[in-house]
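First up is the structure itself, then whatever we jot down about it.
Note: hydrogens, waters and symmetry copies are ignored here, and every other heavy atom, side chains too, is used.
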Amino acid sequence: MAKKKNVQQKNEKKESVVAHILRLSCIYYTVTTFLLIFLFWLISDDITRAMHPVALMLVLPFCICFATANTLWHRAVLSGFLAVLVHYALTMGGVWLFLFLPNKNPDAAASGALILFLALTLVYALIMGAVGFMHRRIKHMTRESSEYTSVYKK
């Protein structure tokens, strides 16, 4: 009976992780779509020529990859450099597969793709560096501000 209950709890936990990823994906998709539409509106007055609907729909699989990467990052499934490496692989893989390749110009040179990939890697490194710095700073502040209470005194 206890074994069956543990299996049921694990299934509920998996479902909650999947629901969390899907919820984050929807949030990311909504924000990204509005941001892209806003950027196209800033560039051009004719909003009807903004993005092709199929290209806009490909933002959703990217958002799922990004939400999965963030969920793995926040749930601490992996630790340290390996977690950053998996997050980077999922994020940049999603960018490459769902945003770059379907929208690539067939006449574009391969060097342009390499430069774009390196620029996105630099942006990723800057953002993750800032996130890591803030995360470490917050942990340091909370450790110093908490008072020591003796466990051994009664």
Side-chain angles (χ1 to χ4, degrees), residues 6-44 46-146:
N6 286 341
V7 171
Q8 185 180 9
Q9 287 175 346
K10 285 182 182 179
N11 287 341
E12 288 175 4
K13 189 175 183 180
K14 285 180 185 176
E15 289 174 10
S16 68
V17 169
V18 171
H20 180 73
I21 289 172
L22 291 176
R23 194 175 321 113
L24 280 178
S25 300
C26 291
I27 292 169
Y28 294 155
Y29 180 74
T30 303
V31 169
T32 305
T33 303
F34 282 129
L35 183 66
L36 286 172
I37 290 172
F38 180 71
L39 288 175
F40 278 112
W41 177 73
L42 285 177
I43 293 170
S44 174
D46 188 13
I47 196 70
T48 59
R49 302 184 73 188
M51 274 186 85
H52 194 273
V54 174
L56 200 56
M57 287 175 57
L58 286 172
V59 173
L60 184 60
F62 164 71
C63 291
I64 292 171
C65 286
F66 190 62
T68 303
N70 285 341
T71 302
L72 290 175
W73 175 267
H74 288 294
R75 301 265 174 148
V77 174
L78 304 170
S79 62
F81 183 71
L82 189 60
V84 174
L85 193 62
V86 168
H87 190 274
Y88 172 78
L90 283 172
T91 302
M92 293 306 286
V95 167
W96 191 259
L97 287 175
F98 301 115
L99 300 180
F100 176 71
L101 286 180
N103 297 314
K104 185 179 88 156
N105 185 359
D107 299 330
S111 62
L114 179 64
I115 291 171
L116 176 67
F117 185 72
L118 291 175
L120 289 175
T121 299
L122 179 66
V123 168
Y124 180 86
L126 290 173
I127 291 172
M128 286 304 285
V131 166
F133 175 76
M134 294 301 290
H135 186 66
R136 195 172 307 125
R137 187 83 172 134
I138 289 170
K139 271 188 171 179
H140 181 69
M141 286 173 35
T142 55
R143 250 188 260 136
E144 283 185 0
S145 65
S146 63

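Atom NE2 of residue His74 and atom CG of residue Leu72 lie 10.5 Å apart, to the nearest 0.5 angstrom. Atom OG1 of Thr30 sits about 12.0 Å away from atom CG of Leu35, to the nearest 0.5 Å. To the nearest 0.5 angstrom, Met128 atom CE is 3.5 Å from Trp73 atom CH2. Taking CG of Leu39 as the start and CZ of Phe34 as the end, the distance is 13.5 Å to the nearest 0.5 Å.
Applying the side chain to side chain donor-acceptor pair (under 3.5 Å) test to residues at least two apart or on different chains, the pairs with a partner in residues 56-70 are Tyr28-Asn70, Asn70-His87.
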Distance-only donor-acceptor pairs under 3.5 Å for side chains of residues 113-122, two or more places apart:
| from | atom 1 | to | atom 2 | distance (Å) |
| --- | --- | --- | --- | --- |
| Thr121 | OG1 | Tyr88 | OH | 2.8 |
| Thr121 | OG1 | Phe117 | O | 2.8 |

Give every donor-acceptor pair under 3.5 Å between a side-chain atom in residues 53-66 and any protein atom, sequence neighbours left out.
none

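With sequence neighbours excluded, the residues satisfying side-chain contact (heavy atoms from CB on, under 4.5 Å) with Ile127 are Val123, Val131. The side-chain contact (heavy atoms from CB on, under 4.5 Å) check on Leu22 picks up Val18, with sequence neighbours excluded.
Here the shortest heavy-atom pairing between Leu24 and Ala67 reads CB-CB, 3.7 Å.
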